[in-house]
Protein chains: 2
Amino acid sequence: MTPASNTPSEPGSQPKGRASIYDVAAHAGVSAQTVSRVANGQTNVRPTTRDRVLESIQALGYRPNSAARNLKSGKFRSIGFVTFNLATLGNEQTLNAVAEASEKAGYTTTLLPVTDPTKLDVAGAFSRLEEQAVDGIILVMSAEVGSLDELKVTLGLPLVIVDSDAMLPYTIVDTDQEQGSGLAVRHLLDLGHRDIVHVSGPEISFSARRRAETYRTTMAEAGLEARPVLVGDWSAQSALALTRELFADGPPPTAVFAGNDQMALGVIHAIRERGLRVPEDVSVVGFDDAEEAAVSWPALTTVHQNFDQVGRNATSLLLSLIDGAPDTRRKVLIPTHLVVRDSTGPVRSGPVPSA
Amino acid sequence: MTPASNTPSEPGSQPKGRASIYDVAAHAGVSAQTVSRVANGQTNVRPTTRDRVLESIQALGYRPNSAARNLKSGKFRSIGFVTFNLATLGNEQTLNAVAEASEKAGYTTTLLPVTDPTKLDVAGAFSRLEEQAVDGIILVMSAEVGSLDELKVTLGLPLVIVDSDAMLPYTIVDTDQEQGSGLAVRHLLDLGHRDIVHVSGPEISFSARRRAETYRTTMAEAGLEARPVLVGDWSAQSALALTRELFADGPPPTAVFAGNDQMALGVIHAIRERGLRVPEDVSVVGFDDAEEAAVSWPALTTVHQNFDQVGRNATSLLLSLIDGAPDTRRKVLIPTHLVVRDSTGPVRSGPVPSA
DNA sequence: CGGCGTCATGGTAACGCAAACAATACCCCG
DNA sequence: CGGGGTATTGTTTGCGTTACCATGACGCCG
């Protein structure tokens with residue numbers, strides 16, 4: 001069998017495809033098996049043989065074919081990262097951490113594009129997800145997915161879910177939304193604020209709902225009445241618009257808890273438009289601790305969310321599942337901490353000047 | 001040949017591995033080839049047979065094994081995305097666009113983690129990049145890579161470079177740094193500013209150097225003297241520190257052109273600390289048009305960089321290379337446009353008040 | 001000096017799939 | 001009724017790799 005020189009059209013020209021292990025074997029005068037051993041760094045090869053093989057590898061530019069290797073091993077050494085929206089700070093940072101952590105374990109990270117959450121359904125005969133060349137999947141759900149129960153039945157791959165509601169029968173890693181939101185609201189309460197408005201992310205987002213819920217319960221625990229939650233879409237623009245409306249409708253609150261930093265910036269913008277000052281007239285707390293939080297004017301008090309740790313945890317859990325650990329369906333909550341900067345201050349003693 | 005039931009340990013239990021095409025064939029009473037035809041949607045199968053096969057596929061939960069398919073076809077239907085740093089706005093947005101564009105073409109995107117640029121060297125015997133299960137590579141270089149010439153020799157995969165110097169013998173896609181920087185500086189000149197300072201990204205960055213260079217040449221073209229460039233590291237913190245030093249050393253300029261929006265925010269912060277106003281005392285222009293630029297206070301005048309288009313262009317160029325198009329080593333420059341907001345204004349007529 | 005263990009290397013097979021080719025059944029038309 | 005298609009299905013083969021087993025060479029010990 002001479003798999004080399006499969007296209008002897010032009011003598012002297014190198015074969016079209018990349019060199020295979022047999023080409024190297026022939027060039028070095030050894031068996032393919034020995035080349036394989038050298039390529040994989042096994043020790044039971046005589047040094048002189050090894051050198052000869054390495055030379056041939058160099059000469060032919062041989063690279064192991066990962067498809068063949070994957071086929072043989074049944075593994076891909078790759079983690080699938082599924083999200084519906086890479087554009088948010090959290091998803092992007094989580095991906096970053098996942099990519100880094102999986103690299104350390106010798107895995108690559110494959111972005112599995114799912115533009116439409118409903119496509120997680122069994123599409124036709126197959127679930128497309130399972131056809132992908134990955135050993136396991138990290139599913140970052142910032143929004144509700146209708147058919148996740150079906151997914152459970154169908155998916156024959158290890159799965160870890162990030163940023164989701166707690167109710168699903170999977171291993172879950174998430175920021176502790178409750179703990180973080182409690183931190184934010186209690187910080188405002190401690191500063192003496194009693195009239196606090198929450199501007200939240202969209203209804204569809206689990207974390208947005210969780211933060212809004214915690215806002216209400218924390219207010220209730222303090223014996224205070226919560227204002228209606230202003231529902232935005234995470235964007236600064238939406239918060240800007242909502243806060244303008246709020247000011248148009250009645251007296252401003254003394255403090256705002258924004259669902260994320262972007263929205264906090266929008267809120268601050270609207271407050272300033274109104275001729276009010278932050279934090280003297282209105283205090284603002286954000287959520288995320290994005291990079292711009294530290295340099296906005298004033299620097300933003302916010303809840304630091306440890307996306308890196310979320311990503312690292314999700315990755316290591318998934319890798320252990322891939323290695324055959326039983327799926328204990330644990331729920332791992334990553335704690336946050338409050339970063340107090342300049343956008344919050346004690347409540348004014350006098351009444352807020354009407355605009 | 002009966003590849004099924006490889007582990008008959010527990011009768012009644014399904015085999016350990018996933019069902020193969022042979023298992024389905026046996027279950028449906030047809031040949032593996034027919035299953036393959038059904039799975040790939042070929043038309044030359046009798047409807048009754050097709051239905052029977054589909055039922056068996058369902059029953060066994062069969063999913064095509066992509067490793068075997070890749071091995072057979074020699075393709076992976078995946079694009080490798082290489083960067084040294086996912087955390088920057090531009091890289092992240094570019095990745096997002098690449099992922100979207102490659103999805104549309106039926107490709108996945110694989111993150112090829114390269115923590116250390118020098119690792120692009122031939123490491124040991126192989127270039128690890130070529131071992132990856134990808135059909136081509138998009139290399140996002142925000143910093144200089146020493147051994148790229150070697151890479152050229154070694155890499156046997158289609159390659160498109162993003163965000164790089166123009167000198168390399170590859171197909172290159174980049175934001176038109178010169179055009180964008182010219183826009184920013186001339187905008188300030190048009191407003192009457194004569195004393196303009198540039199706060200740049202790090203020396204190692206091609207785009208930072210290009211922007212600084214354009215700052216100097218544009219000033220020279222206007223017959224003005226450029227101030228020494230303040231070299232930061234893209235972070236708001238670095239710009240904050242540099243601007244503080246600048247103010248400590250002498251009279252402030254009437255305008256600052258910042259290398260990116262983050263740094264512009266840092267500059268504005270420092271200006272305010274000094275008791276000066278933006279834009280009345282000092283105008284500030286950024287670069288990138290990040291989301292927060294629109295809602296910072298004041299809203300930031302900046303150069304909009306179309307990362308989406310960069311990513312889309314890079315992807316379609318790479319896909320055509322993968323499809324066998326000759327590498328014409330074109331250089332594609334994506335134009336920017338200036339977004340004028342509230343951080344720039346006409347130069348003050350009187351002298352700047354000394355602090 | 002013979003037997004046995006160890007080391008180095010080679011041969012064979014199989015991973016799962018699909019292209020190429022082969023075979024069969026059926027139909028139409030002369 | 002037979003030749004030559006067309007439609008459907010089956011068989012063989014090989015993609016590149018590595019696990020497994022076989023083989024041969026060598027050295028050591030009794």
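The figures that follow rest on heavy atoms only: side chains count, while hydrogens, waters and symmetry mates do not. Each chain gets a letter, A, B and so on, in the order the sequences are listed, and its residues count up from 1.
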To the nearest angstrom, how far is [X] atom [atom1] from [N] atom [atom2]?
X	N	atom1	atom2	result
A:K72	C:dC15	NZ	P	8 Å
A:Y62	D:dG16	OH	P	10 Å
A:N70	C:dA14	CG	C1'	16 Å
B:I21	D:dT9	CD1	C1'	14 Å
A:K75	D:dT17	NZ	C1'	17 Å
A:R50	C:dT9	CZ	C1'	13 Å
B:R18	C:dC17	CZ	C1'	14 Å
A:R69	D:dA19	CZ	C1'	14 Å

Handout entry: Counterpart residues, side chain to side chain contact (heavy atoms under 4.5 Å, CB included), relative to A:A67 (two or more places apart)
Key = A:N65, B:N70, B:L71, B:F76
Handout entry: Non-neighbouring partners of B:R37 that pass side chain to side chain contact (heavy atoms under 4.5 Å, CB included), sequence neighbours left out
Key = B:Q33, B:T34, B:Q42, B:N44, B:V45
Report which part of the nucleic acid [X] touches: base, sugar-phosphate, or nothing (heavy-atom distance under 4.0 Å, all strands).
X	result
B:N65	sugar-phosphate
B:N40	sugar-phosphate
B:T49	sugar-phosphate

Handout entry: Closest nucleotide among C:dA18, C:dC17, C:dT9 to the A:N44 side chain
Key = C:dT9
Practice task
Choose from D:dT17, C:dA8, C:dG16 the nucleotide whose nearest atom is closest to any side-chain atom of A:P64.
Solution key: D:dT17
Name all residues meeting the side chain to side chain donor-acceptor pair (under 3.5 Å) criterion together with [X]; count only those two or more places apart in sequence or in a different chain, and write none if there are none.
X	answer
B:S78	B:T108, B:T110
B:S56	B:H27
A:S320	none
A:D327	A:T171

Completion exercise
By nearest-nucleotide position on DNA chain D, the 5'-leaning member of B:V45 and B:L71 is B:V45
Show each protein N/O and nucleotides 10-12 of chain D N/O combination with a separation under 3.5 Å, one pair to a line.
from	atom 1	to	atom 2	distance (Å)
D:dG10	OP2	B:S31	N	2.8
D:dG10	OP2	B:S31	OG	3.1
D:dG10	OP2	B:T34	OG1	3.0
D:dG10	N7	B:R37	NH2	2.9

Handout entry: Under 4.0 angstrom between B:R46 side-chain N/O and D:dT9 OP1 or OP2
Key = yes
Practice task
May I ask you to evaluate whether B:S20 reaches the phosphate of C:dG16, defined as a side-chain N or O under 4.0 Å from OP1 or OP2?
Solution key: no
Give the table of side-chain donor-acceptor pairs shorter than 3.5 Å for residues 308-315 of chain A, with sequence neighbours excluded, one pair per line with atom names and distance.
from	atom 1	to	atom 2	distance (Å)
A:Q309	OE1	A:N306	ND2	3.0
A:N313	ND2	A:Q309	O	2.9
A:T315	OG1	A:G311	O	2.7

Give a yes or no on whether the backbone of [Y] and the side-chain of [X] come within a donor-acceptor separation of less than 3.5 Å.
X	Y	result
B:N96	B:E92	no
A:D23	A:S20	yes
A:R330	A:Y170	no

Fill in the blank from the handout: If each end axis of the helix from C:dC1-D:dG30 to C:dG30-D:dC1 is fitted on five C1' pair positions, the angle between them, to 10 degrees, is 50°
